[in-house]
2 protein chains.
Amino acid sequence: MPKKNAFYAQSGGVTATINATACAVIETARKHRGRIGKVYAGRDGIIGALTEDLIDTSKESAAAIRALRHTPGGAFGSCRYKLKGLEDHRPQYERLIEVFKAHDIGYFFYNGGNDSADTSYKVSQVAHKLGYPLVCIGVPKTVDNDLAITDSCPGFGSVAKYVATSIREAGYDVASMARTSTRVFILEVMGRHAGWITAACGLAQDKEGEAPHILLFPEIPFDQEKFLAKVEDTIRKHGYCAIGVSEGVRWPDGKFLSESGLRDAFGHAQLGGVAPLIAQLVKDKLKQKYHWAVADYLQRSARHIASKTDVLQSYAVGKAAVELAVKGTSGVMPVIVRKPGKRYRWTIGVADLRDVANAEKMMPRDYITADGFHITAKCRQYLEPLVQGEDYPPFRNGLPDYVKLKNTAVPKKLATSFKI
Amino acid sequence: MPKKNAFYAQSGGVTATINATACAVIETARKHRGRIGKVYAGRDGIIGALTEDLIDTSKESAAAIRALRHTPGGAFGSCRYKLKGLEDHRPQYERLIEVFKAHDIGYFFYNGGNDSADTSYKVSQVAHKLGYPLVCIGVPKTVDNDLAITDSCPGFGSVAKYVATSIREAGYDVASMARTSTRVFILEVMGRHAGWITAACGLAQDKEGEAPHILLFPEIPFDQEKFLAKVEDTIRKHGYCAIGVSEGVRWPDGKFLSESGLRDAFGHAQLGGVAPLIAQLVKDKLKQKYHWAVADYLQRSARHIASKTDVLQSYAVGKAAVELAVKGTSGVMPVIVRKPGKRYRWTIGVADLRDVANAEKMMPRDYITADGFHITAKCRQYLEPLVQGEDYPPFRNGLPDYVKLKNTAVPKKLATSFKI
């Protein structure tokens with residue numbers, strides 16, 4: 001296979017470690033100069049490819065690329081922009097191939113969640129039909145931990161470590177204040193459909209009685225009476241009550257407890273604000289003083305408390321993606337495989353994009369206790385390895401020293417433009 | 001002076017480093033066994049003294065006390081319970097002396113903010129009038145950084161480091177998402193009357209264009225039109241806009257933008273929920289997509305990202321308190337003194353409790369830019385040293401390993417009880 005340039009793009013919500021994957025893709029590509037020419041990144045994800053707005057990563061120093069490993073956010077910009085069905089929207093896919101052809105791109109690396117795996121798969125199909133040689137690799141990433149096949153998702157371990165650390169710390173705070181002031185603390189976390197992040201809060205509880213006392217999962221319909229009784233019982237027993245709640249928790253009729261009304265480009269409701277709603281309930285029905293926090297973007301960008309395991313895995317999938325590509329393997333996604341045995345060990349495996357695309361991995365019911373308010377030992381066993389190890393960024397002047405790349409544009413070659 | 005026991009209590013909202021002060025008080029007292037017998041801590045602060053609910057810290061191992069240095073929250077419990085005026089509520093003060101007498105307590109260490117300095121001062125007055133020899137020392141603590149005389153307040157540097165780190169990290173996230181999704185991010189932080197914590201967010205901005213772009217201070221009346229114009233302008237220039245907002249921001253008529261309706265025992269309104277209100281404005285008036293976070297207790301318990309300078313200072317005031325006490329100095333508070341010179345150096349000084357009591361140190365107007373939306377170079381110069389250095393707690397099983405003390409009760413000696 002002749003030497004070709006590569007295209008890399010970040011998709012969907014970013015994470016504390018997606019740039020570690022970008023770092024791996026670029027560093028590994030630079031080690032295969034015989035096969036891979038330049039790595040072009042899409043400015044703002046796949047939109048960069050559609051609009052021929054490419055970033056030349058070869059203009060970045062080795063030190064700058066290395067610093068991506070410890071920098072949160074998406075260094076080249078990401079987007080919520082889902083390529084639609086092949087039948088009705090073929091021009092989008094053909095446009096991608098047109099741009100790739102113009103820039104001699106033979107490798108397509110798409111770093112995202114289920115939607116992105118689907119896009120990667122469709123792009124590989126179109127390239128094949130058009131007879132354009134393109135190696136298409138999906139690279140996993142999502143804080144939601146809901147990708148199929150992979151044992152865990154790069155980005156999740158770090159948000160898990162953040163939320164568990166945060167609710168443990170807040171628990172110490174509330175416990176101190178409970179005698180005369182706050183008795184109920186509510187932390188709202190992400191996870192629209194799958195309760196993985198909510199479950200991760202549960203890791204903070206080493207012993208019965210410790211925070212968090214109650215978890216509210218999107219998988220378990222919200223039972224107001226049962227919840228309030230549990231809060232009262234917890235305060236009676238332990239003096240205070242710390243609650244982790246998913247943004248996606250729903251009433252028994254399936255409606256989200258709180259919707260902000262906005263929808264993102266994928267048509268998902270933009271949620272937020274369940275914590276104040278739960279707080280209001282606690283105040284109205286139990287007359288207890290409360291505090292609430294909404295972690296929002298803080299949780300998925302908290303690179304300062306990233307899981308070392310997660311950083312290693314995020315890097316490993318990027319490296320594996322390039323190694324698969326130079327071997328000519330297409331239509332796949334490198335995944336994390338948990339090895340059997342008591343001690344946690346992992347390796348990189350390979351999944352077909354078709355099998356990952358648009359599937360959602362839900363929490364097994366036996367990861368949630370029978371009463372629906374906490375995680376089981378089995379869940380803890382699954383989650384615990386993912387938050388192991390610290391990987392602190394360098395600090396400068398008291399704050400994490402993150403990199404901003406130059407993001408130099410590649411000169412356009414096409415006379416045509418494309419409207420998003 | 002004969003050997004006497006000591007009483008130590010934590011007061012008001014706790015911090016990530018108040019236990020570092022407790023650690024210092026106990027460790028230093030243990031070094032002065034000739035003068036100080038046991039250190040008794042008040043369970044839930046001053047309430048523990050009033051109700052004769054004392055904790056015998058001598059039952060704790062040296063390792064457990066040492067671990068307080070890296071443990072957030074208040075290890076013995078705190079309370080929001082203000083002793084009222086001497087004239088009308090003398091029995092409270094007399095009760096304190098009765099309990100101290102029963103337990104042979106000759107040293108009173110009260111670890112808190114302005115209210116606590118006031119209480120310490122009154123207790124010293126009553127003890128004097130009753131002819132009971134009692135050394136009274138206030139020990140500074142507050143995330144609000146609003147104590148008079150001391151250059152900075154133990155606990156503040158760590159919340160400052162947390163909020164600056166958080167808004168920097170979220171800024172990287174929003175910048176990545178701005179093309180097709182979130183353009184405005186709002187982080188709500190604490191600071192009811194003084195904008196010190198809001199100002200600390202500003203440290204994250206190294207260069208123009210970086211997050212945070214806008215700060216909303218409690219000192220500056222909220223001007224909706226000017227604010228919305230600034231948001232629009234920021235998005236036009238930089239593509240996104242990150243905003244740090246104080247929970248205490250007010251309309252021009254002095255009303256808080258958001259009040260939850262609850263009031264704490266000091267009569268302060270319990271605030272929270274300004275961020276969603278600002279978000280709503282941004283959505284309604286500018287049609288921009290937003291995300292918002294409310295850090296709440298996370299910010300003041302985030303021991304995992306504590307400022308080393310703050311930890312050192314929190315320890316130093318506790319140590320100095322005991323050293324002042326064994327010298328017989330009463331009615332004072334050890335404070336942080338910034339030494340003159342370009343390089344930041346600090347030492348411990350001594351202030352009269354009378355001068356600290358109930359005073360509030362506001363942000364100087366020249367710490368806020370003329371337009372009211374950011375901090376000045378002068379403010380940065382003041383704040384920057386306070387967030388320097390990291391002081392990571394030990395981790396166990398992927399999470400910070402904090403200590404829970406045994407908190408063994410001291411047997412009661414009084415037949416009388418006291419109703420709170």
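Per chain, numbering begins at 1; letters A, B, ... match sequence-line order. Since the structure is predicted, the reported quantities are computational estimates derived from the model, not experimental observations.
We find the CZ-NE2 distance between A:Arg300 and B:His291 to be 6.5 Å, quoted to the nearest 0.5 Å. How far CD1 of A:Ile305 is from OG1 of B:Thr165: 11.5 Å, rounded to the nearest 0.5 Å. In this structure, CD on B:Gln388 lies 5.0 Å from CG on A:Asn397, to the nearest 0.5 angstrom. Note that NZ of B:Lys404 and NZ of A:Lys207 are 7.0 Å apart. Values are rounded to the nearest 0.5 Å. Atom CG of A:Asp296 and atom CG of B:Asp173 lie 8.5 Å apart (nearest 0.5 Å). Here the NZ atom belonging to A:Lys82 is positioned 14.0 Å from the OG1 atom belonging to B:Thr180, to the nearest 0.5 angstrom.
Across all their heavy atoms, B:Ala302 and A:Glu169 have their closest contact at CA-OE1, 3.2 Å. Of all non-hydrogen atoms in A:Ala164 and B:Leu399, the two that sit nearest each other are CB-CD2, 3.7 Å. Scanning all heavy atoms of the two residues, the minimum distance from A:Gly398 to B:Lys161 falls at O-NZ, 2.8 Å. The minimum heavy-atom distance linking A:Ala295 with B:Ala293 is given by the pair O-CB, 3.7 Å.
Heavy atoms closer than 4.5 Å to chain B are found nowhere in A:Lys308, neither backbone nor side chain. At a 4.5 Å heavy-atom cutoff, the contact between A:Ser78 and chain B is made by backbone and side-chain atoms alike. Contacts between B:Phe76 and chain A at a heavy-atom distance below 4.5 Å are absent for every atom of the residue. With a 4.5 Å cut-off on non-hydrogen atoms, A:Leu203 touches chain B through its backbone and its side chain both. At a 4.5 Å heavy-atom cutoff, the contact between B:Ile47 and chain A is made by side-chain atoms alone.
Highest contact tally toward chain B, considering only A:Gly73, A:Ala170, A:Ser176, A:Gly77, is held by A:Ser176 [criterion: heavy-atom pairs under 4.5 Å]. Counting heavy-atom pairs under 4.5 Å between each of A:Asn19, A:Thr71, A:Asp44, A:Ile18 and chain B puts A:Asp44 at the top.
Between A:Leu298 and B:Tyr162, some side-chain heavy-atom pair lies under the 4.5 Å cut-off. With a 4.5 Å cut-off on side-chain heavy atoms, A:Glu390 and B:Phe395 count as touching. No side-chain heavy atom of B:Arg43 sits less than 4.5 Å from a side-chain heavy atom of A:Arg179.
Partners of B:Asp391 under the salt bridge (charged side-chain N to carboxylate O under 4.0 Å, His left out) rule, at least two apart in sequence or in another chain, are B:Arg69, B:Arg303. Applying the ring-ring contact (aromatic ring centres under 6.0 Å, His included) criterion to B:Tyr172, with sequence neighbours excluded, gives A:Tyr402.
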